Amino acid sequence: MRNIRDLRQHYLLLKGRKGENGIIVKAYVETLRGKLVLAESELACLRERSFGSPKVSMVIPAYNAEDYIARCIDTALAQSLPDVEIVVVDDGSKDSTPEIIDWYVGRYDNVVAIHQENGGVAAARNTGIKRAKGEYIGFMDNDDMIRPGMAESLYGSAVKNDCDIAMTSVYWITGKGYEVYLQYQLEEDTAIPGDAFLRMLNAEGWGHTIVVWNKLYKSSLIKDRIYPLIMSDDSAWIPYILSYADKVCYQNDFSYEYDRIIRPYTLVDQWQYVSKEGCLKEDEKSALLL
């Protein structure tokens, strides 16, 4: 049984269970009358997984993320789709992030670690894109989570509909709980022309929802179309990639969780207070690094 302290935690590490016929996981809270079981799983059996050629690669840029990178990697490891590769790019962290990442590499065949000098999240994603071997490539922020069925749902829809990009809706985790952050009024599991979706983004006022991490991209689409090293990289890269995508598809299953409790003050929050002139200066500095 497990005491529920973090209602937003979706994974559970089980140790020393080899050879048992099966387990049932129960979630409970302590009350004055003792343990109150809130939920329980069906009977499940543990088995070791072997990994072949990856269907999906999840790229996770990480910088000074010692407080939450393990949770992020754990949710990627918990994917129901077989053969998910996890590429974690340590972008010059100064804390214990590199050691945490290497711990996973030593225990999981499908976790890859890359350590590089600090170059920013866009540069880290580019490194991950180059290293990824999956048919499709997805991205996670190092403080967010994905639900166990995300890779399977999006990969299945992309293959079924022969799409270059598959997308999911997104929950925003705030002090009030789960809120809808991103949800498109689109037919599910159906191919949509990429240029038509791009026009919808503009026409429907969905510009604020231009994010990289709620999607899987066909590897051949993005391998040679790397991230620009500028501050608003998502806003520049997503329309650029969509312009090359023949078809996209959508699953309204809220399988990506954008967490703003564990780390409320992010780089994006800082950019909100930077003037347009300041942004241009930062982009000029980044351009010199190319």
Side-chain angles (χ1 to χ4, degrees), residues 2-13 25 27-29 38-39 41 56 58-81 84 86 88-89 91 93 95 97 100-101 104 121 124-125 128 138-154 166-186 188 201 205-216 232-235 238 250-273:
R2 181 181 181 87
N3 192 6
I4 297 299
R5 293 183 297 240
D6 181 0
L7 296 178
R8 300 175 183 86
Q9 184 167 307
H10 305 314
Y11 62 90
L12 173 63
L13 179 62
V25 179
Y28 70 91
V29 292
L38 301 178
S41 71
V56 170
M58 296 302 301
V59 174
I60 307 173
Y63 177 72
N64 289 351
E66 62 183 8
D67 293 334
Y68 34 78
I69 187 60
R71 185 188 72 169
C72 178
I73 296 174
D74 284 346
T75 64
L77 282 169
Q79 292 302 291
S80 59
L81 179 73
V84 173
I86 302 166
V88 190
V89 183
D91 192 40
S93 297
D95 61 2
T97 298
I100 295 172
I101 296 171
Y104 280 94
V121 65
R125 285 176 180 154
F139 301 93
M140 293 178 67
D141 279 358
N142 59 195
D143 51 346
D144 292 341
M145 296 179 285
I146 55 176
R147 297 201 170 186
M150 177 177 164
E152 184 171 13
S153 172
L154 295 188
M167 306 170 289
T168 181
S169 42
V170 178
Y171 274 135
W172 190 10
I173 304 176
T174 69
K176 299 178 181 178
Y178 287 95
E179 300 180 25
V180 175
Y181 178 77
L182 187 159
Q183 186 176 35
Y184 300 129
Q185 300 303 314
L186 299 172
E188 288 190 78
L201 279 179
W206 292 338
H208 71 287
T209 65
I210 296 179
V211 293
V212 64
W213 28 252
N214 71 321
K215 304 172 178 70
L216 292 186
S232 301
D233 45 46
D234 281 13
S235 298
I238 293 298
Y250 172 64
Q251 297 283 64
N252 187 32
D253 52 13
F254 290 98
S255 54
Y256 193 95
E257 298 184 357
Y258 177 58
D259 192 344
R260 279 301 160 268
I261 291 180
I262 198 167
R263 188 168 64 112
Y265 194 65
T266 65
L267 185 58
V268 173
D269 299 319
Q270 297 175 38
W271 290 348
Q272 294 178 359
Y273 302 99

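On a predicted model such as this, the values are computed, not experimentally measured, just so you know.
- Considering all non-hydrogen atoms of both residues, Met58 and Leu216 come closest at SD-CD2, 4.1 Å.
- Closest non-hydrogen pair, Met150 versus Asn214, comes out as CE-C, 4.4 Å.
- By the 4.5 Å heavy-atom criterion applied to side chains, Arg147 and Glu257 are counted as neighbours.
- Closest approach of Met140 to Ala76, counting heavy atoms only: SD-CB, 4.1 Å.
- For the atom pair Ile73 CD1 and Ile101 CD1, the distance stands at 5.5 Å (nearest 0.5 Å).
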- Audit row: Val89, Arg125, side chain to side chain contact (heavy atoms under 4.5 Å, CB included) steps and yes/no: CA-CA 8 Å; Val89 183; Arg125 285 176 180 154; over 6 Å; no
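- The structure places CD1 of Ile60 at 7.0 Å from OG1 of Thr75, a figure rounded to the nearest 0.5 Å.
- Residues Pro61 and Ala124 share a closest heavy-atom pair of CB-CB, 3.7 Å.
- Annotation: side-chain hydrogen bond (donor to acceptor under 3.5 Å, both in side chains) contacts of Glu179 (sequence neighbours excluded): Thr174.
- Across all non-hydrogen atoms, the minimal contact from Asp141 to Tyr256 is N-OH, 3.1 Å.
- With sequence neighbours left out, the ring pair (Phe, Tyr, Trp, His ring centres under 6.0 Å) criterion links Tyr171 to Tyr178, Phe254.
- When all heavy atoms are compared, the tightest approach of Gly149 to Ser80 is CA-OG, 3.8 Å.
- Annotation: side-chain hydrogen bond (donor to acceptor under 3.5 Å, both in side chains) contacts of Thr168 (sequence neighbours excluded): Asp253, Ser255.
- Between Arg71 and Asp143, no side-chain nitrogen of the basic residue sits less than 4.0 Å from a carboxylate oxygen of the acidic one, so the salt-bridge criterion is not met.
- Residues satisfying the side-chain hydrogen bond (donor to acceptor under 3.5 Å, both in side chains) criterion with Asp91, sequence neighbours excluded, are Gln116, Asn118.
- With rounding to the nearest 0.5 Å, the separation of CH2 in Trp213 from CZ in Phe139 is 13.5 Å.
- For the pair Met167/Leu182, no side-chain contact is recorded, criterion being any heavy-atom separation below 4.5 Å from C-beta on.
- Atom OH of Tyr63 and atom CG of Asn142 lie 11.5 Å apart (nearest 0.5 Å).
- Looking only at atom types and distance, the side chain of Asp74 has a donor-acceptor partner in the side chain of Tyr104 under 3.5 Å away.
- Ser169 is linked by a side-chain hydrogen bond (donor to acceptor under 3.5 Å, both in side chains) to Asn252, counting only residues two or more places apart in sequence or in another chain.
- Here Asp67 pairs with nothing under the side chain to side chain contact (heavy atoms under 4.5 Å, CB included) rule; sequence neighbours left out.
- Side chain of Glu66 to backbone of Asp95: no donor-acceptor contact under 3.5 angstrom is found.
- To the nearest 0.5 Å, the span separating SG on Cys72 from CD1 on Ile86 amounts to 9.0 Å.
- To the nearest 0.5 Å, atom OH of residue Tyr184 and atom OH of residue Tyr250 are 8.0 Å apart.
- Between Ile238 and Val211 there is no side-chain heavy-atom pair separated by less than 4.5 Å.
- Remark: the backbone N or O of Asp259 is paired with a side-chain donor or acceptor of Asp144 at under 3.5 angstrom.
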